[in-house]
Amino acid sequence: MPQPTHNMLTRQLKRYLGPADALPSEWQPLIEAVNDAYHEFDRDRGLLERSLELSSEELIYVNASLRESEERYRTFLDATTDMAFIKDAEFRYVVLNEANRAFFGRAMGEIVGKTDHDLMPKPMADNCRKTDQRAIAENDVVITQEQVNDRIYETRKFPLRLKSGNMGVGGFIRDITERKRADDRLRSQAQLLGCVSESVVATDLDDHILYWGRGAEELYGYAAAEVMGKPYRDFAGSIEPVDNDAFKREIIAKGAWRGEHVQRKRDGTTFWSSTVISLVTDEQGRPAGFIGIDDDITERRKAEARVRQLNRLLRTISDINQLMVREPNRDRLLLEACRILTEHGGFRMAWVGMAEKATGHVRPVAAAGLVDGYLDEAVIRFDDTPEGRGPTGACIRTGSHVVSADLTSDPSYAPWREAALKRGYRSSAAFPLRVRDEIVGALNVYVAEVGVIGDEETGLLDELANDLGYALEVIQDRQERMQAEEALRESEEKYRTLVERANDGVIIVQDAIVKFANRRMAELDGSRVEQIVGTPFTDHVHPTELPRLAENYQRRMRGEPVPSTYETVLRRRDGSPAPAELNAGLIMYEGRPADMVIIRDITERKRAEEKSKEQYEKLRRWHEVTLDREGRVAELKREVNELAKRLDEKPRYGGEEKG
């Protein structure tokens, strides 16, 4: 879109060429180009003016900031109690603060431009000149202490490049008289503690060592001459990161700090220290430094850790013993025992193996902790082979616990060493499991440290293995008892079935009371089973037989010989007699002696016997009659033969006469 005609161009055209409509058309491109140039110039001029405007503002801001910085710098210098100064290359004072001016006791204009030789005695000025030159030569901070009259000053000088490009010297001078007195007091107090066996160290507020006692030399391994005046943290202190400023503020606020932490000696070894750090104040009660007393409690901590470990093991064994009381399943018991050993007892891995006598192998049946396939890879035996000479195999063979204190060097552990070390096992122990005085397997535990399974641990784990063996024996007994009870139930069921279906009546008499009766007995009695059980057995005996049966029962209960089978007469519920054959014997019923009686109904047999007797009697009588007749015939035959004989005739009846 064409730009509007610039005002300046419009005025020029009107002034020199007249009205715009009088311009030739061929001038139009030229006029447009000039118009664009005018507008472009306006834009450039606007940008330049804005740039100049911004530059002026920035310059004003920078100058104001510089003035503020100089004011802050001067305020800081005048506010600090330390004396501050800057000297040029000729060591003339060019800047100094109010504290430095007051030290010289002159007006500021009388000091600026002067050297130390113009302002102080020559010996002092010479010493100041030497330290100025040293700071520039060494290009480093130079710290010195000087005494002026009864005051002690600490000077820090450093090289400083000036605007001219030359090197000057800057510095701060602090009156440390009170601090030195406090340091001396700290040393004196620390020296009073030098006779104690513990380490005694005194530092100033900046942690520089002021006193390093004989106990500290022995504990940390540094001589006092090596550490004096140096930062305490370079030679002692907790190996854990510490916010030192916050730590010092806490001591200053509370007056002391007590605690236990790990420190490092010169040779790199670490130890547990019981530390007390006390705040020391100056005569005005202001913080002046610290005195620390360290006591090596490593052995005490080890003893405490051992007690904790043993207590933890005791609690673990207690948990497993409680488990034994309530867990009837062998596999669950062993698995849970291994889990408790690893989770509560702190063992890296625990497992139980059973000895297979037929193959000589130890078969893992339970494991917990970091197993990581170890038992799947390991071949473990209990015979005299390389795989049977490890802790587990030796334990099962000998019946005693076996401890491998260091798996990395134990030659008997060679078959499994690589796999064990890969899983972090460093020592192990195996404990025999006894069931009915026979070694049936082993309880095995593994730890991640070398030589930590001591006599106390083995004693406790021996007890645990014995308890586990007893629990396994109880479980085995329980299983055998359950099997026996099941067999007994099956037997009793068969017996009950036979008894209930028997053709003979069966009763059990205990304390003269019928405790059991089968269905056939109820039929014989003419009643129901429940009408018989609980009644005196004498209620079911015919009065005529009662004395004999009562005597037999009592004699049997006393263990005297009594006929086991005999006939008697019972009494039915309706009072009628019931001939019966009894077969009785002594048994144990519900844990007590009882009399079991098998009763056979012999009514029909008695009837048959009576009938047989009648028939026999008839036959006997007929036989007697028949015998009398035959005897008479025979006698007649004899008489005939005798008569024939007398008549000298041949006998009529041959051989029969002998009758």
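Only a predicted model underlies this, so the values are computations on that prediction, with no experimental measurement involved.
The two residues R389 and S412 come nearest to each other via the heavy atoms O-CB, 3.5 Å. Listed here is the closest heavy atom pair of A367 and L375: CB-CD1, 3.6 Å. For the residue pair S427 and V452, the shortest heavy atom distance occurs at OG-CG2, 4.4 Å. Shown here for A405 and V450, the closest heavy-atom pair between the two residues is O-CG1, 3.4 Å. Here the closest non-hydrogen pair linking T316 and I340 is CG2-CG2, 3.6 Å. Here the closest non-hydrogen pair linking H540 and D525 is ND1-OD1, 3.3 Å.
For N518 (side chain) and V506 (main-chain N/O), a donor-acceptor pair under 3.5 Å exists by modelled atom type. A donor-acceptor contact shorter than 3.5 Å is absent between the side chain of R605 and the backbone of P579. Checked by atom type and distance alone, the side chain of T298 pairs as donor or acceptor with a backbone atom of W272 at under 3.5 Å. Side chain of R348 to backbone of R423: a donor-acceptor contact under 3.5 angstrom is found. With hydrogens and angles disregarded, no donor-acceptor distance shorter than 3.5 Å links the side chain of T275 to the backbone of D294. Judged by distance alone, with hydrogens and angles left aside, the side-chain atoms of R573 form no donor-acceptor pair with the main-chain N or O of A522 at under 3.5 Å. Judged purely by atom type and a 3.5 angstrom limit, Q531 uses its side chain to pair as donor or acceptor with the backbone of R528.
Between the CZ atom in R592 and the CD1 atom in I587 there is a gap of 12.0 Å [rounded to 0.5 Å]. Rounding to the nearest 0.5 angstrom, the gap separating the CG atom in D601 from the CE atom in M521 is 10.5 Å. Of the inter-residue distances, the one linking R556 atom CZ with D595 atom CG reads 4.5 Å to the nearest 0.5 angstrom. Rounding to the nearest 0.5 Å gives a distance of 9.5 Å between CD of Q476 and CD of Q483. For the atom pair CZ of R558 and CG of L586, the computed distance is 12.5 Å after rounding to the nearest 0.5 Å. Rounding to the nearest 0.5 angstrom, the gap separating the CD1 atom in I396 from the CD1 atom in I439 is 8.5 Å.
When the shell of 6.0 Å around CD of E418 is examined, it contains 12 or fewer heavy atoms from other residues, nucleotides or ligands. Open room surrounds CZ on R600; 12 or fewer heavy atoms of other groups in view lie less than 6.0 Å from it. Other residues, nucleotides and ligands place more than 12 heavy atoms under 6.0 Å from the CG atom of D243. Counting heavy-atom neighbours within 6.0 Å of F247 CZ, excluding the residue itself, gives a total above 12. Within a 6.0 Å radius of CZ in R478, other residues, nucleotides and ligands contribute more than 12 heavy atoms.
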Begin from the C-alpha positions of K515 and E590 and carry the test side-chain contact (heavy atoms from CB on, under 4.5 Å) through to its verdict.
-> CA-CA 10 Å; K515 297 291 186 178; E590 295 180 349; 5.8 Å; no

Using the side-chain contact (heavy atoms from CB on, under 4.5 Å) rule, take I380 and W351 through it: C-alpha gap first, then chi angles, then the decisive distance, then the call.
-> CA-CA 13 Å; I380 303 172; W351 68 282; 3.5 Å; yes

Test salt bridge (Lys or Arg N to Asp or Glu O under 4.0 Å) on E523 and R520 and set out the steps.
-> CA-CA 5 Å; E523 292 174 355; R520 178 57 179 159; 3.1 Å; yes

Go through R426 and D406 one step at a time and tell me if the salt bridge (Lys or Arg N to Asp or Glu O under 4.0 Å) criterion holds.
-> CA-CA 6 Å; R426 291 298 179 269; D406 187 355; over 6 Å; no

Please lay out, stage by stage, how I317 and N321 fare under the test side-chain contact (heavy atoms from CB on, under 4.5 Å).
-> CA-CA 6 Å; I317 292 174; N321 285 333; 3.5 Å; yes

Report the C-alpha separation of F431 and L464 in whole Å, then their side-chain angles, then the decisive distance to 0.1 Å, and conclude whether the side-chain contact (heavy atoms from CB on, under 4.5 Å) test is met.
-> CA-CA 9 Å; F431 302 86; L464 173 61; over 6 Å; no

Take Y589 and F516, measure what ring pair (Phe, Tyr, Trp, His ring centres under 6.0 Å) needs, and give me the verdict at the end.
-> CA-CA 10 Å; Y589 184 75; F516 171 82; 7.5 Å; no

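Within the 4.5 Å cutoff, the side chain of N583 has no heavy atoms near those of the E581 side chain. Side-chain contact between D296 and Q263: absent, with no pair of heavy atoms (C-beta onward) separated by less than 4.5 Å. Looking at L582 and N552, their side chains never come closer than 4.5 Å, going by heavy atoms from C-beta outward. Annotation: side chain of P536 is in contact with side chain of I513 (closest heavy-atom distance under 4.5 Å). In this structure the side chain of L407 reaches within 4.5 angstrom of the side chain of S428, judged on heavy atoms. In this structure, the side chains of L549 and Y566 come closer than 4.5 Å at one or more pairs of heavy atoms. Contact check for F347 versus L461: side-chain heavy atoms found under the 4.5 Å cut-off. Residues S576 and R571 fail the side-chain proximity criterion, which asks for heavy atoms closer than 4.5 Å.
The pair E551-R548 fails the salt-bridge criterion, with no side-chain N (NZ, NE, NH1 or NH2) lying under 4.0 Å from an Asp/Glu carboxylate O. Comment: D574 does not engage R572 in a salt bridge, judged by the lack of any side-chain N to carboxylate O separation of less than 4.0 angstrom. We find that E438 and R436 are not joined by a salt bridge, their nearest charged nitrogen and carboxylate oxygen being 4.0 Å or further apart. With respect to the salt-bridge test (charged N to carboxylate O, under 4.0 angstrom), the residues R332 and E336 do not qualify.
Ring planes of Y425 and Y374: perpendicular class, angle over 60° (limits at 30 and 60°). Taking the six-membered ring for Trp and thresholds of 30 and 60 degrees, Y413 and Y446 have ring planes more than 60 degrees apart, a perpendicular arrangement.
Among the candidates V447, V445, N444, V371, the single residue satisfying the side chain to side chain contact (heavy atoms under 4.5 Å, CB included) test with M349 is V371.
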